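Worth saying up front: this structure is predicted, and the values here are computed from it rather than measured. Position 1 is the first residue of the sequence; numbering continues from there.
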Amino acid sequence: MLKNNRTKSKPAERNPVRASALDTFVNALTRQGLGMPNPLNATAYPITRLTQDYLLLISMYRNSWLVRKIVDRVAQDMTKAWINITSDVTPEALDRIDRLERIGYVHAKITEGIQWARLFGGAAGLMMIDGLGENGLLEPLSPDMVMPGSFKGIMVLDRWSGVYPDNGLVDNIGDPEFGLPEYYEIADYTRQKSFPVHHSHIGRENEEAGSCTAMRRCRPTTRRLCASSAISCVPP
């Protein structure tokens with residue numbers, strides 16, 4: 001007896017077509033639908049530019065130990081192990097480097113720069129090289145410009161007080177600094193003037209994309225904690 005080897009053909013699968021359905025349902029009597037004055041339509045996300053409120057950020061940092069912990073703890077954890085130089089130089093040379101770091105407070109200054117970047121959304125550290133002058137600061141920094149004993153430390157400036165980006169940007173696509181400011185204006189408040197500085201003399205520090213303060217996301221939580229338990233008045 002011959003078996004029927006014919007197989008049943010399966011129906012072709014239909015791919016569902018997805019489309020968005022838009023309507024303008026409105027019920028004015030119950031205040032439902034598009035544009036009606038109900039609690040749902042009243043919900044909004046207002047633009048809050050906390051990063052630009054310089055005085056408020058300073059007040060939060062000075063008056064709330066919780067804000068100081070949020071700002072300082074990450075910066076201190078990033079630099080507490082510091083650096084370990086692996087090189088073929090003599091131990092005497094490493095001792096001179098270590099002594100130079102301690103004299104210039106390099107460790108403390110870099111930690112301070114990260115703290116200010118987290119609080120204000122950005123900071124800069126100007127490397128102070130003795131003998132360069134204002135004209136030398138206009139040129140890209142090179143090792144040949146740094147003479148023995150000429151490094152005098154780092155001057156930390158926050159983004160709202162002391163350092164301002166120039167309009168020109170680095171246009172070399174092969175440069176790691178492509179798209180960033182090429183020059184910065186450093187304010188000299190003692191002489192009531194400012195002078196341009198090439199970006200290679202400055203160590204940039206940005207908190208996050210968009211250069212926003214670290215308190216931008218956690219401010220609502222800190223406000224609720226402070227309002228509910230007076231946590232800002234109680235030291236840790």
**Message:** Students often mix this up, so state it plainly: with edges at 30° and 60°, are the rings of H107 and W82 parallel, tilted or perpendicular?
**Reply:** parallel
**Asked** Are Q32 and M36 close enough that some pair of their side-chain heavy atoms sits under 4.5 Å apart?
**Response**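 The answer is no; the side chains never approach within 4.5 Å.
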**Asked** Taking the side chain as C-beta and beyond, is there a heavy-atom pair between E185 and F195 under 4.5 Å?
**Response** no
Between [X] (side chain) and [Y] (backbone), is there a donor-acceptor pair under 3.5 Å?
X    : Y    : result
S150 : M147 : yes
S59  : L55  : no
T111 : A75  : no
R68  : R62  : yes
S161 : L157 : no

**Asked** Does D53 come within less than 4.0 Å of R49, counting only side-chain N to carboxylate O?
**Response**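 No, this pair does not count.
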Look up atom [atom1] in [X] and atom [atom2] in [Y], then write down how far apart they are to the nearest 0.5 Å.
X    : Y    : atom1 : atom2 : value
L119 : I114 : CG    : CD1   : 14.0 Å
F120 : L57  : CZ    : CG    : 6.5 Å
Y183 : S200 : OH    : OG    : 8.5 Å

**Message:** Tell me whether the count of non-hydrogen atoms from other residues, nucleotides or ligands lying under 6.0 Å of CZ in R31 goes above 12.
**Reply:** no
**Message:** Other residues, nucleotides and ligands only: do more than 12 of their heavy atoms fall within 6.0 Å of CG on N172?
**Reply:**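 It does: N172 CG has more than 12 such atoms within range.
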**Request:** Please determine, by modelled atom types, if R159 and Y54 share a side-chain donor-acceptor pair under 3.5 angstrom.
**Result:**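 No, because no side-chain N or O of R159 sits under 3.5 Å from a partner of the opposite role on Y54.
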